[in-house]
Amino acid sequence: MGGTMALTGEQINQAVDKVKQIRPAYTDILDFYGRLFIAQEDSKASIAIDPIIISETALDQKREAQFPLINISDFVIDEAASQTLFKRICRMAGNVSGKLSDPAEAILEAIENEQMDLPRHFSSFLSEDDVYMKRLADGLKIDGEALALFTYSSINPSIVLNTDQLSTFLDKEASWEKGYCPICGSLPGFALLEDEGKRSFFCSFCRHQWLAPRRFCPFCENREEKTLAYFFSEEEKEYRVDVCEKCHKYIKTLDMRNTERIIYVPLEQVATLHLDIKAKEKGLESGVVLNI
Ligand SMILES: [Zn+2]
Ligand SMILES: [Zn+2]
């Protein structure tokens, strides 16, 4: 568990280069995301946040009820590090196609003109204040999805460090029988298959990886074998898409037994958009919002 996650910037670079070789169509998008993932790793070194304390009583209650440890609004963000990273990501996005570069330029200008209060912006994002986010995007005349992507990406290193700390409260060997993340309650965005049929889910928000039941839909908690299927392509045996015929949702899965590459899951999510397209063609719906 978690062995796929702790990569250095250099290893992320290698992972990105390898995927670019296999799937050159992703070169442009991976040039951006590769730099973004490395910037996130760099940012971790400058983050100082206090651990989140959960009392023994609260822990027992949460375990008993199978509730997640915290709510998304409880994550502790290092404001200074997040602000630095936010500006860095916007500058990096300035080189990508108009879909990202136009919003990035408008945001950088707003920061320059002191029209954006970044600490307030981060806390509004974490408290899922959609009205605020929409008003800001409309005011800057930009796409709300790009704004959400830059915002989420810049607070992500703090979130991941919170998650590392909080995971010490969990029993890593035990399978979690719920569809949502045991740390933050978000839904999984990706799954991994390992030796001995071990299956784990990867949180779409906090990047926590947890052991999941082998035959199980995280979106409707269906466990009925005959309504759980998957599809894959002959050319790409390392991936498969797990499908629930009850709720018609799917989760992309990497079969670690069929690959020798260095795996960085956030990269795999970006480099498998063709699987999302294929799933959509089959009338299936993604279990999580695709923020890419
Ligand atoms: Zn989570
Ligand atoms: Zn389902």
Side-chain angles (χ1 to χ4, degrees), residues 1-47 81 84-86 88-97 100 104 149-150 152-161 163-164 167 172 188-195 198-210 232-241 251-277 290-292:
M1 280 261 300
T4 51
M5 274 311 293
L7 295 192
T8 62
E10 182 52 36
Q11 288 169 318
I12 294 174
N13 240 335
Q14 288 171 15
V16 170
D17 283 345
K18 190 76 197 163
V19 175
K20 277 198 230 168
Q21 279 171 27
I22 311 171
R23 285 185 287 279
Y26 284 102
T27 301
D28 286 349
I29 191 168
L30 290 184
D31 278 338
F32 170 68
Y33 275 97
R35 292 174 66 202
L36 185 147
F37 295 144
I38 290 168
Q40 288 178 332
E41 285 307 312
D42 288 352
S43 169
K44 282 186 186 166
S46 61
I47 291 178
T84 306
L85 184 57
F86 186 75
R88 190 173 167 194
I89 291 171
C90 288
R91 284 195 296 268
M92 280 167 14
N95 302 322
V96 199
S97 68
L100 292 181
L149 170 69
F150 300 151
Y152 168 70
S153 301
S154 54
I155 58 174
N156 174 277
S158 292
I159 292 171
V160 169
L161 291 176
T163 299
D164 287 349
S167 67
K172 288 187 183 57
F190 206 83
L192 297 174
L193 279 178
E194 288 168 81
D195 285 338
K198 240 169 67 174
R199 183 191 194 201
S200 47
F201 287 148
F202 188 82
C203 179
S204 58
F205 192 80
C206 76
R207 293 189 181 171
H208 178 62
Q209 190 183 319
W210 71 92
F232 67 99
S233 124
E234 278 298 328
E235 298 90 64
E236 279 188 325
K237 289 218 171 82
E238 49 184 21
Y239 297 118
R240 66 182 228 186
V241 177
I251 187 161
K252 296 185 286 187
T253 300
L254 176 72
D255 193 336
M256 305 275 283
R257 296 165 302 186
N258 292 343
T259 185
E260 297 285 307
R261 296 187 289 118
I262 301 181
I263 298 302
Y264 184 65
V265 178
L267 169 69
E268 298 302 316
Q269 289 182 286
V270 180
T272 48
L273 290 178
H274 56 290
L275 296 179
D276 294 296
I277 294 168
L290 296 170
N291 258 336
I292 27 182

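Note that the structure is predicted; figures quoted are calculated from it, not measured.
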| task | For the pair Leu100 and Phe150, evaluate side-chain contact (heavy atoms from CB on, under 4.5 Å) and give the outcome as yes or no after the intermediate values. | result | CA-CA 9 Å; Leu100 292 181; Phe150 300 151; 4.1 Å; yes
| When you look at Glu41 and Thr8, which way does the side-chain contact (heavy atoms from CB on, under 4.5 Å) test go after all the steps? | CA-CA 7 Å; Glu41 285 307 312; Thr8 62; over 6 Å; no
| task | Would you please test Arg88 and Asp42 for side-chain contact (heavy atoms from CB on, under 4.5 Å) and show each step? | result | CA-CA 11 Å; Arg88 190 173 167 194; Asp42 288 352; 3.6 Å; yes
| message | For Arg207 and Val265: C-alpha separation, side-chain torsions, deciding distance, then whether side-chain contact (heavy atoms from CB on, under 4.5 Å) applies. | response | CA-CA 9 Å; Arg207 293 189 181 171; Val265 178; over 6 Å; no
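The two residues Ile262 and Ala15 make their nearest non-hydrogen contact at O-CB, 3.7 Å. Nearest approach of Gln21 to Pro24, heavy atoms of both residues: O-CD, 3.8 Å. Phe202 approaches Trp210 most closely through the heavy-atom pair C-CZ3, 4.2 Å. The two residues Cys206 and Val160 make their nearest non-hydrogen contact at O-CG2, 4.0 Å. A pairwise comparison of heavy atoms in Val19 and Ala271 identifies CG1-CB, 3.6 Å as the closest pair. Here the closest non-hydrogen pair linking Leu85 and Ser153 is CD2-O, 3.7 Å.
Between the Ser43 side chain and the Ala39 main chain, no donor and acceptor come within less than 3.5 Å of each other. At distances below 3.5 Å, at least one donor-acceptor pair connects side-chain atoms of Lys172 with backbone N or O atoms of Ser167. At distances below 3.5 Å, not a single donor-acceptor pair connects side-chain atoms of Tyr239 with backbone N or O atoms of Ser233. Side chain of Lys252 to backbone of Gln269: a donor-acceptor contact under 3.5 angstrom is found.
With a 4.5 Å cut-off on side-chain heavy atoms, Val270 and Leu30 count as touching. Two residues are said to be in side-chain contact when any heavy atoms from C-beta on lie closer than 4.5 Å; Thr84 and Ser46 fail this criterion. Residues Arg261 and Glu268 form a side-chain contact, since some pair of their non-hydrogen atoms from C-beta on lies under 4.5 Å apart. For the pair Thr272 and Glu236, the minimum side-chain heavy-atom distance is 4.5 Å or more. When side chains are defined from C-beta on, Leu273 counts as touching Tyr26, because their heavy atoms get closer than 4.5 Å. The side-chain heavy atoms of Lys198 and Leu192, taken from C-beta on, include no pair separated by under 4.5 Å. Contact annotation: the side chain of Asp255 never approaches that of Glu238 to less than 4.5 Å [non-hydrogen atoms, C-beta and beyond]. Under the 4.5 Å side-chain criterion, counting only non-hydrogen atoms from C-beta, Met92 is in contact with Leu36.
The distance from atom CZ of Phe32 to atom CZ of Phe37, rounded to the nearest 0.5 Å, is 9.0 Å. Here the straight-line distance linking atom CZ of Phe190 with atom OG of Ser200 works out to 10.5 Å at 0.5 Å rounding. Between Glu194 atom CD and Leu254 atom CG the span is 9.5 Å, to the nearest 0.5 Å. To the nearest 0.5 Å, atoms CZ (Arg35) and CD1 (Ile89) are separated by 11.0 Å. Summarising the geometry, atom OG belonging to Ser154 is positioned 9.0 Å from atom CG belonging to Leu149; distances are rounded to the nearest 0.5 Å.
In this view, Lys18 satisfies the salt bridge (Lys or Arg N to Asp or Glu O under 4.0 Å) rule with no residue, not counting sequence neighbours. Residues meeting the salt bridge (Lys or Arg N to Asp or Glu O under 4.0 Å) test with Glu234, sequence neighbours left out: Lys237.
Residue Gln40 is tested with Ile155, Ile12, Asn156 for a side-chain contact (heavy atoms from CB on, under 4.5 Å); the sole match is Asn156.
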